[in-house]
Undergrad: 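Sharing a structure, written as structure tokens. Questions coming.
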Amino acid sequence: MLANDHVDLAVGRGEIHALMGENGAGKSTLMSVLYGLHRPDEGTISLHGKEVSFGSPAQAIDAGVGMVQQGFALFGELTVTENVVFGSEPTRRGLLDRKAATARVTELIERHELRLRPGDRVRDLPVGLRQRVEILKLLYREAAVLILDEPTAVLTPPETERLFGVLRALAAEDRTILLVSHKLQEVLAVSDHVTVLRDGRVSARGRTADQTAAGLAAAMTGREVDLDRVHPAGTPGDIFLEARSLTVPGVEGKPLLDNVSLTVRGGEIVGVAGVAGNGQAELSGAITGLLKTGGEVVLKGQNLDGLSVRARRDAGLAHVPEDRAEVGSAPTASLRENLAVGFHRKRPLVRKGFLRRKEVDDHASAIIETYDVRASGPAAAMGTLSGGNQQKAIFGRELSHDAPFLLVEQPTRGVDVGAIENIHARLVAHRDAGHAVLLISAELSEILALSDRVLVLFEGRIVAEFTKDEADQHAVGLAMAGGAG
Amino acid sequence: MTRVRLIAVPVAAALVLGAILLLATGTDPLAAYGAIVSGAFGPDGLGDTLAYAVPVAGMATALAIPLRAGMVNLGGEGQLVLGAISALAVGLYVPGPGPVKVVLALLAGTLAGAAYAALAAVCENRLGVPLLISTLLLSYPAMSLAGYLVRFPLKDAGSSLPQSPQLPEGARLPEIDGVTTGIFLVVAVIAVYAVIDARTPAGFETKVTGWAPRFATYAGIDRPKLTLRLLAASGGTAGLVGAIAVLGFPYRFIDGALITPQYTWIGLLAALLAGASPLGTLLAAVFFAALTSGGFAMERATQVPRELTAVLQAVLIIFLAATSGVFKRKAGRA
Amino acid sequence: KDPAARNAAGPALVLITPSPVGVNDFLKLAVQGIEDSAKKHNGTQKVFQSTDPASIQQNLSAAVREKPAVAVAVGFNFADAIAAEAERNPEQKFLFVDSCTTKPFPNVTCAVFREHEGSYLAGAEAGLLSKTGKVGAVVVLDAPQFHRYSIPFGQGAAKAKPGTTLAPLFIGGANPFNDPARAKALAGTLAGQGVDQVMGAASAAGNLGVFEAAKQGGFFAFGVDANQCPASPGQVVDNVVKRTNVVIGDGVDAILGGKTGETKSYGVKERGISLTGLEPDAPTSQCVVASHPDVLAKVGELRDQIISGAIVVDDPAKS
Amino acid sequence: MIDASLFSSALTALTPILFAALAGALCQRAGVFNISLEGSLLVGCFGAVAGSWYTGSAWIGVVVAVIAATAYSLILAIGSITFDGDPIVLGVASNLLAVGLTSFLIRTVFGTEGSFSDPALQGLGQFGPIPGQSLLVYLSWLAVPALAVLLYRHPWGLRLRGVGERPEAASSLGVNVTKYRYGVILAGGALCGLGGAQLALGSVTLFAENMTAGRGWIAVVAVMLGRAHPLGVLLAALLFGLAEAFGFRLQGIGLPQQATDAAPYVVTLVALFLSNVKRKKGQPA
Ligand SMILES: Nc1ncnc2c1ncn2[C@@H]1O[C@H](COP(=O)(O)OP(=O)(O)OP(=O)(O)O)[C@@H](O)[C@H]1O
Ligand SMILES: Nc1ncnc2c1ncn2[C@@H]1O[C@H](COP(=O)(O)OP(=O)(O)OP(=O)(O)O)[C@@H](O)[C@H]1O
Ligand SMILES: [Mg+2]
Ligand SMILES: [Mg+2]
């Protein structure tokens, strides 16, 4: 398979250049080539007019090229300073010069107003701050070319705004910035130029000022995409899920989840908005049983207290987790096996205690077909699918349970506009079939587009609740930042 | 096609390396290899190979069971020995007709091994000691305990050795041509393992856990419970192998007799090499058994040091492990 | 393949050892014995070395398949395997050295040792030489067979100098027969308790560890099986010698002469067990005891009393 | 019960384990699970004896031990890094290979079996104020702070820990993961070589088949118990050494040998429980 097929890309000095494209279009691959992580089979890279060839990131770094990879390249066990200087540490008499390192990092933090503490362990930082550590790493290396692969995928609107502020300032210092993003509005807002890839080729390029959202979306997918679609409200019925006083103690007295109660009705999508790290993981753990918590959860009249994950699933819970690669699937196993999980103790896959091969196969094929999972077949290893297709497969598996209650976390993180449309439509259809859906998302636009009711989670508490009509970008965004309730 | 290359290349490489070693010591490699093959599979040697293959394949299967879920049981020796000594105690002291004794002894061995391995699982589940370490550490006290029992309460009064009395005539597993009938039990265990692995929800959950532990937890597979069950199954199989060993010739427990031949370690290697797949594990185990018994035959016939086969075996494993990595990587990219 | 094998007209002999011969003095003497016998009868000999119970059995049946005039097995580990093979092959003659089958067989001749007599004499030397009145023993395993080297050692010491006490320690651990470092640590532990004469029954490799500890700790040690004094001259007092070669020669002669099925016990009287210091080549043995004629004289008397039956040394392995 | 010789013998017993455990800790930090310590130690023992025997110098023996064990650890390095093989398979196999290979070599090189020794074989001799200890014993203690400084005060240590935590991230920062992993495995081999040399030329002066007798496995446990920190590993090894030396004493007062055999393992297991319980209390679920 060709990830990149004769892609030409020219980026000027002091410019923010956006790169867009569907999942698996080859954006990350292209960036990796620029950063020396992969070698191109053909073609050349020129920097400041001179042809260069990076055999390794070390050479790219030396040439002033830095990259923030999709998903972070940080060490949780190390401090901010250690993460920043990693690989080009200041030394004194052969040993690490901690003082000099801290001084330099502090200075950079102050100059770029990044508001980080050099001594903090990265493990303890929220996602937004981690992103800044990544930027700090590039600044420390005095990168003239900054490559950022989907840096905003995990950020909230205010965080994104701050990041863009930093990026604009850097561009003003004559640095070159290459930005990969799936988010049309962001690209339109921040970039000077844009290039769109489709199937490993360039399908559109030009000054951002000349582009429209619809035009870019069409260039990415090859078809018209309805971008501003807000799905009509559902018709909520009985309460399917009720959570009462869920509490998860924290490390230093401050609970990670603090007395959270909520209900979800059949035929209703309840959106939980909030900046990542405000208790979303704990809320999901409390409901699914992956985490031991205080409080209780009642599902269709059945108290789930003390029940195992499996028993909760049997009681009518389906779950699309946040981390599709490690939690939601087994990347080395085949699609067939991945899709059988959860069905492997039930009819028709099992009869008289034995798994039946044909039924397992049919089950996989049915999901692949229904949910339009693009793969070479049920035998393909899950890990070889593109992110969007993995997500569709996981959705297919969980929706097929036809469970009364569905918990969905970050359903479209890192997924392209085409796949987002598909996934959103599925969720609404699922709701309209009478199921209850709890949607946890850091993507405000997603919350607003899908939710019949919006709850805002801030520092472990529900600080605000909006009906579909009340919920708008401004009000919810304010509550997410702790400005309401 | 790749499957064949996967095995053939390392085997050829190991054989060539062995040939070089043989030439260096001034021996005709063909004669030495011939002696190994005829010693392992010839009319005289096949019995020896099978006799060796029973404990090795048994232990390999025992260790493969948890390995399928990515759990390494390093305590096979302790479980094996406890199974053996428990079976012996039952065989010696429980009254009743012979066949009943045999069945009870086999059960006792299985239970003892299962319980002891389950203890290691509890150490991981409740006390946070990783399985790898808890199984390893628990193994030594078990061997010491068996050593103590066979020297004091269970010792052979007439003998000066650390060994138990022989089991009474009726309470023994008969032999066919020098091979214990326990071989049928081992084959049955392997068959059951193969069926569970390939065709049942329990086997499927085991494999899912092996592929991606967090995925398994998310999907509702209870890891602590699975650990306990798999370890019990593993230790039980190891204990059964121990029981089969004492119920066979010389019909007694001799301190160290189950440890020095390295059944456990060779079994573990077989399981690791085959990725714990039931049939692959069996094949690898039989192959190693053949190499070992062939090695002794070679030494008797040609005076080439039998350690050569140990070297060959290890070199082969190293080549296999290394190349499987290469193939794994290639497959991942394709 | 072996030219000697084809030309020799005499009987074929096979020796099966329970473990690799290597530096094991007991087994080296056994090999010497079988070689001498083969030469004497103008026959052939082969040695099959085993490593573990499984290979013992395999080697023994392989030996039987060769149909030798005598299959010689040394080491207590053979008891069950010989019983089984002897029953299956009534025509095959076996010489079983160092132990015997529980049930007698007409085709199995046994030769056993009374090592305890030698330990007793060595203990007497230790008692006489000890300045602290404490003697010790480092022994591979806590098992009756090996108690023959510790308990009589203490008894002999107490006999020679009343009040002398014995402190035995056992190696054990993961590899008792090949853990010299542990043997050394144990010997050092004994020295720390004031022991100044240590019997080393710690296996071939283990004894070297004991001797080394003796050298560093400035105490004295005793060896077993053969003359181990040259391994650590000045530190090794004497050795309990097991003359396996002589015993094998006797046994093969007897079997070839048509006498089978007996059990013969070799002790001090039969000169199957002795001390290096009491042998004619003592002056060149490099043993410490050679420079203590007074001690040797007293021990010589004790030996004579054992031979005459005036002293009977208890066998700890027959409790 | 407790006297100077207890500590002295504990010290001697502990040194090979300490060297091997430090090797294991170093590898663990870089994300390499090394269970081939037992085999590397054994190869070190053989190399030390062969080197000392053929040159007449114990110190050349030490050098040969280091070279031999380092070279031997290439099996794990090449197998697991270059060829991406399973480190557990490779570790178990190379432990078995070490036993077979040294037994084979003892037959072909020294023409004997089981063990090799000779009064002319040079040992390391005593050194320093503590009786009965060789220079390597002191070296093993020095290695503890040296490794701690390397790991926590040197750029290599920072990178090494990064490589251990997230290799792909380290790699994207221009750190050559392969090089670091080779580095720790080979350095681990060298440490095991020193441990083997101490066992074969310091504790005693001879080579015996499989003379490491499980010490490499103890080292694996010590790495675990010491949480791969040099100081923790030292404490873990010390605990084991003391438990063993104390066991010898207990045998002296009449406890059966089997009970004292099991003691160090039980003590270690209990120590593991306790350290886990303490950790769990420190951070609520
Ligand atoms: N290691 C790999 N093995 C196999 N295929 C790969 C590998 N890496 C990338 N690919 C394939 O190359 C193509 C381009 O992948 P790439 O990650 O560059 O896409 P992308 O545009 O960044 O997508 P996304 O928006 O999901 O991040 C995809 O089809 C992907 O499946
Ligand atoms: N891979 C395996 N190999 C051998 N035995 C296994 C394997 N996996 C599971 N087992 C054993 O098979 C038995 C049946 O397990 P299974 O999980 O099907 O029990 P169950 O009663 O259906 O489960 P539950 O109690 O959760 O309903 C268990 O004793 C388990 O130890
Ligand atoms: Mg990408
Ligand atoms: Mg993506």
Side-chain angles (χ1 to χ4, degrees), chain C residues 17 19-24 27-28 49 51 136 138-143 167-195 203-213 215-218 229-235 286, chain D residues 1 3-10 12-13 15-16 45 103 106-107 110-119 121 123 125-126 131-132 198-200 202-215 217-218 241 244-245 247-249 251-253 256-262 264-265:
Chain C
T17 71
S19 52
V21 176
V23 289
N24 186 324
L27 297 179
K28 275 193 336 208
Q49 308 183 37
T51 52
V138 176
V139 184
V140 268
L141 287 172
D142 190 357
L169 286 181
F170 303 93
I171 297 177
N175 195 5
F177 286 91
N178 247 334
D179 197 340
R182 208 164 150 114
K184 185 184 172 188
L186 287 166
T189 305
L190 287 175
Q193 294 166 359
V195 169
S203 82
N207 264 13
L208 297 170
V210 172
F211 299 160
E212 200 131 346
K215 195 149 81 191
Q216 276 171 24
C229 298
S232 193
Q235 235 61 51
Q286 302 187 41
Chain D
M1 278 307 287
D3 54 61
S5 81
L6 176 81
F7 289 103
S8 177
S9 76
T12 319
T15 304
C45 291
S103 304
I106 200 173
R107 277 175 84 157
F110 295 121
T112 169
E113 256 185 289
S115 61
F116 172 78
S117 77
D118 193 292
L121 181 65
Q126 300 197 29
Q198 161 65 19
L199 191 60
S203 297
V204 291
T205 316
L206 60 96
F207 179 82
E209 215 168 84
N210 210 357
M211 69 187 290
T212 43
R215 289 178 176 82
W217 286 106
I218 301 304
E244 193 181 72
F248 295 166
R249 298 301 149 110
Q251 230 192 73
I253 61 166
Q257 162 230 323
Q258 291 77 27
T260 59
D261 270 5
Y265 300 98

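Source: prediction; values computed, not measured.
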Undergrad: Counting heavy-atom pairs under 4.5 Å to chain C, which of D:Asp118, D:Asn210, D:Thr260, D:Thr212 comes out on top?
TA: D:Asn210

Undergrad: Looking at every heavy atom in both C:Leu186 and C:Phe170, which two are closest together, and how far apart are they?
TA: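 In terms of heavy atoms, the two residues are closest at CD1-O, 3.5 Å.
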
Undergrad: Checking C:Pro176 against chain D: side chain, backbone, both or neither under 4.5 Å from a heavy atom?
TA: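 Contact with chain D involves no heavy atom of C:Pro176 at all.
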
Undergrad: Side chain, backbone, both or neither: which part of C:Asn178 has a heavy atom under 4.5 Å from chain D?
TA: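 Answer is both: backbone and side chain atoms of C:Asn178 are under 4.5 Å from chain D.
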
Undergrad: With only heavy atoms counted, which part of C:Leu190 is less than 4.5 Å from chain D, the side chain, the backbone, both or neither?
TA: neither

Undergrad: Among C:Ala183, C:Ala204, C:Gly172, C:Ala205, single out the residue with the greatest number of heavy-atom pairs under 4.5 Å to chain D.
TA: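 Option with the top pair count is C:Gly172.
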
Undergrad: Can you list the residues that meet the salt bridge (Lys or Arg N to Asp or Glu O under 4.0 Å) rule with D:Arg215, with sequence neighbours excluded?
TA: C:Asp179

Undergrad: About how many Å separate CZ of D:Arg249 and CD of C:Gln193, when rounded to the nearest 0.5 Å?
TA: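 That separation rounds to 5.5 Å.
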
Undergrad: Can you tell me if D:Glu244 uses its side chain to pair, donor with acceptor, with the backbone of D:Ala13 under 3.5 Å?
TA: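 Side chain of D:Glu244 to backbone of D:Ala13, a donor-acceptor pair under 3.5 Å: no, none is there.
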
Undergrad: Can you check side-chain contact (heavy atoms from CB on, under 4.5 Å) on D:Thr205 and D:Ser117, steps first, answer last?
TA: CA-CA 7 Å; D:Thr205 316; D:Ser117 77; over 6 Å; no

Undergrad: Measuring heavy-atom distances to chain D, does C:Ala167 have an atom under 4.5 Å in its side chain, in its backbone, in both, or in neither?
TA: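 Contact with chain D involves no heavy atom of C:Ala167 at all.
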
Undergrad: Can you list everything that forms a ring-ring contact (aromatic ring centres under 6.0 Å, His included) with D:Phe116? Sequence neighbours excluded, please.
TA: D:Trp53, D:Phe110

Undergrad: Which atoms of D:Thr12 come close to chain C, meaning under 4.5 Å heavy atom to heavy atom: side chain ones, backbone ones, both, or neither?
TA: neither

